Amino acid sequence: QVQVVESGGGLVQAGGSLRLSCAASGRTFRMYAMGWFRQAPGKEREFLASISWSTGSTNYVDSVKGRFTISRDNAKNTVYLQMNSLKPEDTAVYYCAAMQTLNPVTTTGSWGQGTQVTVSS
């Protein structure tokens, strides 16, 4: 079982930036990829990006390409999501999840508690 804890959310003005962190732990976590998702009020959870622990290969949803960057620090067992040029529609709870592959349908059920991101106009 993989445990994940997100942090770094907050309130930011439109056009600003935030960096989210996801600390992972668990005996076999290096077997997995890690992904970022978000859920806005009244909407379904949305995949944003994923990254392989071993190769660093990434996968992004088209809507965030060029604005969001996923990265990982294997020494710290942490995955990051750098978010630039934030828009009010980016307001959501952001979640980190352990995944079997970079494909967003392969989440393992190991989710964090989420971190709130609010972008003011």
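Source: prediction; values computed, not measured. Any value given below was found using the heavy atoms of this structure, including those in side chains, with hydrogens, waters and symmetry copies removed.
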**Prompt:** Is there a donor-acceptor pair closer than 3.5 Å between any side-chain N or O of S52 and the backbone N or O of S57?
**Reply:**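 No; zero donor-acceptor contacts below 3.5 Å.
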**Prompt:** Quick check: does any side chain N or O of E6 sit under 3.5 Å from a backbone N or O of C96, one acting as donor and the other as acceptor?
**Reply:**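 Yes: the side chain of E6 pairs with the backbone of C96.
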[X] versus [Y]: any side-chain heavy-atom pair under 4.5 Å?
X: Q116; Y: T91; value: yes
X: E46; Y: S63; value: yes
X: R67; Y: Y60; value: no
X: F47; Y: N59; value: yes
X: T115; Y: S7; value: no
X: W36; Y: M83; value: no

**Asked** Atom OG in S54, atom CZ in R72: separation rounded to 0.5 Å?
**Response** 7.5 Å
**Item:** From M34 atom CE to N77 atom CG, the distance as rounded to the nearest 0.5 Å
**Value:**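 Answer rounded to 0.5 Å: 10.0 Å.
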Non-hydrogen atoms of [X] and [Y] that approach each other most closely:
X: V4; Y: S110; result: CG2-O, 4.0 Å
X: S121; Y: P88; result: CB-CG, 3.8 Å
X: A24; Y: W53; result: CB-CZ2, 3.9 Å
X: G112; Y: Y95; result: O-CD2, 3.7 Å
X: A92; Y: R38; result: CB-CB, 3.9 Å
X: P104; Y: M99; result: CA-CE, 3.5 Å

**Message:** In this structure, would L102 and W111 fall into the same cluster of hydrophobic residues linked by side-chain contacts under 4.5 Å?
**Reply:** no
**Request:** State whether D62 and K65 are salt-bridged, where the test is any N-O pair (Lys NZ or Arg NE/NH1/NH2 against Asp/Glu carboxylate O) under 4.0 Å.
**Result:**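 Yes, this pair counts.
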**Asked** Which one of T69, L20, D73, I70 satisfies the side chain to side chain contact (heavy atoms under 4.5 Å, CB included) criterion with Y80?
**Response**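 It is D73, the one option of T69, L20, D73, I70 that forms the side chain to side chain contact (heavy atoms under 4.5 Å, CB included) with Y80.
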**Request:** Could you tell me how the ring of F68 sits relative to the ring of Y94: parallel (under 30°), tilted (30 to 60°) or perpendicular (over 60°)?
**Result:**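 Aromatic pair F68/Y94 classed tilted.
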**Asked** Do you see a donor-acceptor pair shorter than 3.5 Å between the side chains of T106 and T101?
**Response** yes
